[in-house]
Amino acid sequence: MEELPIYHGTSIKKADKIISENKMHYNPKPDHWLGNGIYFFENDYDAAKWWSKIHFHDNWIVLKYNLKIGEKELIDLDTLHGSKKFKEFCKKVNVEMGKDEFKIKISEKENRYINASKNPKICRQRIVTSAYLSAFYNLNHYKACVKSFCISAFNDLSILHFESRERQMFIIDSSMINCKNLKKIRNNV
């Protein structure tokens, strides 16, 4: 069992509600990066602070949690093993569906969501990815997933082949978080 520090950016009001109700809520969206669930930053307070300040301005706060998780409960999509396992799953699904590309049936509601987005092509791609990931998590009984993403706002050193990345911890099974053990942090440094 591993223990990982994870950070969740939110508003002060939402943080108080999460802790008092001992429950984390999320707004389901069809195009979440890694699926519908609760997003944290793994071992990166600064990323959670940056995200929460963008969304909540002066009303931001970061919640810290020490997540205890077993190796078989977590899929790390940054590793060769994790990404290979997901790729094999996708290929198998496509073969079973008789398709040679990644497609899913898009609902009427999802189509309205796509058409209202700033970038419909990327939105559609995220919806497809999210659907494949959700099926992958369910089949393998994963409770959490980690994946890194490029932070373009901080990539002014790309000429040196240096990318700023955020490593997101996606919690599928919210019962893994005992909200009474969340610690509120608001460092302005």
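Residue indices begin at 1 and follow the sequence shown.
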Trainee: Does the Glu73 side chain pair with the main chain of Gly70, one donor and one acceptor, at a distance under 3.5 Å?
Mentor: yes
Trainee: Any side-chain heavy atom of Lys147 sitting closer than 4.5 Å to one from Trp33?
Mentor: no
Trainee: Spell out, as yes or no, whether a donor-acceptor pair under 3.5 Å connects the side chain of Ser130 to the backbone of Arg126.
Mentor: no
Trainee: Which residues pass the side chain to side chain contact (heavy atoms under 4.5 Å, CB included) test with Ser117, sequence neighbours left out?
Mentor: Pro120, Cys123
Trainee: Could you give the distance from CD1 (Ile75) to CG (Leu34), rounded to the nearest 0.5 Å?
Mentor: 11.5 Å
Trainee: Tell me which pairs pass ring-ring contact (aromatic ring centres under 6.0 Å, His included) where either residue lies in residues 65-96, with sequence neighbours left out.
Mentor: Phe86-Phe136, Phe89-Phe136
Trainee: Between Ser134 and Ala131 (side chain of the first, backbone of the second, donor and acceptor by atom type, cut-off under 3.5 Å), is there such a pair?
Mentor: no
Trainee: Same cluster or not: Ile54 versus Ile61, using hydrophobic residues (I, L, V, M, F, W, Y) connected whenever any side-chain heavy atoms lie under 4.5 Å apart?
Mentor: no
Trainee: Decide yes or no for Glu110 and Arg124: does some side-chain heavy atom of the first lie under 4.5 Å from some side-chain heavy atom of the second?
Mentor: no
Trainee: If you round to the nearest 0.5 Å, how far is CD1 of Ile69 from CD1 of Ile6?
Mentor: 8.5 Å
Trainee: Using the benzene-type ring in the case of Trp, are the ring centres of Trp51 and Phe41 under 6.0 Å apart?
Mentor: no
Trainee: Kindly determine whether Thr10 and Ser52 satisfy side chain to side chain contact (heavy atoms under 4.5 Å, CB included), including the steps that lead there.
Mentor: CA-CA 5 Å; Thr10 190; Ser52 60; 5.9 Å; no
Trainee: Is the closest side-chain heavy-atom distance between His57 and Asn59 below 4.5 Å?
Mentor: no
Trainee: With a 4.5 Å limit on heavy-atom distance, are the side chains of Ile185 and Tyr45 in contact?
Mentor: yes
Trainee: Taking the six-membered ring for Trp, are Tyr39 and His32 closer than 6.0 Å centroid to centroid?
Mentor: yes
Trainee: Between Lys184 and Asp16, is there a side-chain N and carboxylate O pair less than 4.0 Å apart?
Mentor: yes
Trainee: Out of curiosity, Arg112 CZ to Ser107 OG, how far, rounded to the nearest 0.5 Å?
Mentor: 7.5 Å
Trainee: Is there a path of hydrophobic side-chain contacts, each under 4.5 Å between heavy atoms of I, L, V, M, F, W or Y residues, that connects Phe40 with Phe149?
Mentor: no
Trainee: First locate atom CD1 of Ile127, then atom OH of Tyr132, and finally report the distance between them rounded to the nearest 0.5 Å.
Mentor: 14.0 Å
Trainee: With a 3.5 Å cut-off and sequence neighbours excluded, list the donor-acceptor pairs that the side chains of residues 167-177 form with protein atoms.
Mentor:
from, atom 1, to, atom 2, distance (Å)
Arg167, NE, Glu42, OE1, 2.6
Arg167, NH1, Asp76, OD1, 3.3
Arg167, NH1, Asp78, OD2, 2.5
Arg167, NH2, Glu42, OE1, 3.4
Arg167, NH2, Asp76, OD2, 2.7
Gln168, NE2, Glu166, OE2, 2.3
Asp173, OD1, Ser175, N, 3.1
Asp173, OD1, Ser175, OG, 2.6
Asp173, OD2, Ser175, OG, 3.3

Trainee: With rounding to the nearest 0.5 Å, note down the distance linking CG in Asn43 to CG in Leu4.
Mentor: 8.0 Å
Trainee: If you apply the rule side chain to side chain contact (heavy atoms under 4.5 Å, CB included), what do you find for Leu74 with Cys145, and how did you get there?
Mentor: CA-CA 5 Å; Leu74 175 68; Cys145 171; 5.5 Å; no
Trainee: Should the heavy atoms of other residues, nucleotides or ligands under 6.0 Å from CD of Glu3 be counted, would the total exceed 12?
Mentor: yes
Trainee: Assigning hydrophobic clusters by single linkage (Ile, Leu, Val, Met, Phe, Trp, Tyr; side-chain heavy-atom cutoff under 4.5 Å), is Tyr7 placed with Phe56?
Mentor: yes
Trainee: Between atom NZ of Lys180 and atom CD of Glu21, what is the distance when rounded to the nearest 0.5 Å?
Mentor: 9.5 Å
Trainee: Side chains of Asn187 and Val62, heavy atoms from C-beta outward: is any pair under 4.5 Å?
Mentor: no
Trainee: Within a reach of under 6.0 Å around CG of Asn178, are more than 12 heavy atoms found that belong to other residues, nucleotides or ligands?
Mentor: yes
Trainee: Do His25 and Ile38 have side chains that get closer than 4.5 Å, going by heavy atoms?
Mentor: no
Trainee: Is the shortest heavy-atom distance from the side chain of Arg186 to the side chain of Ile12 under 4.5 Å?
Mentor: yes
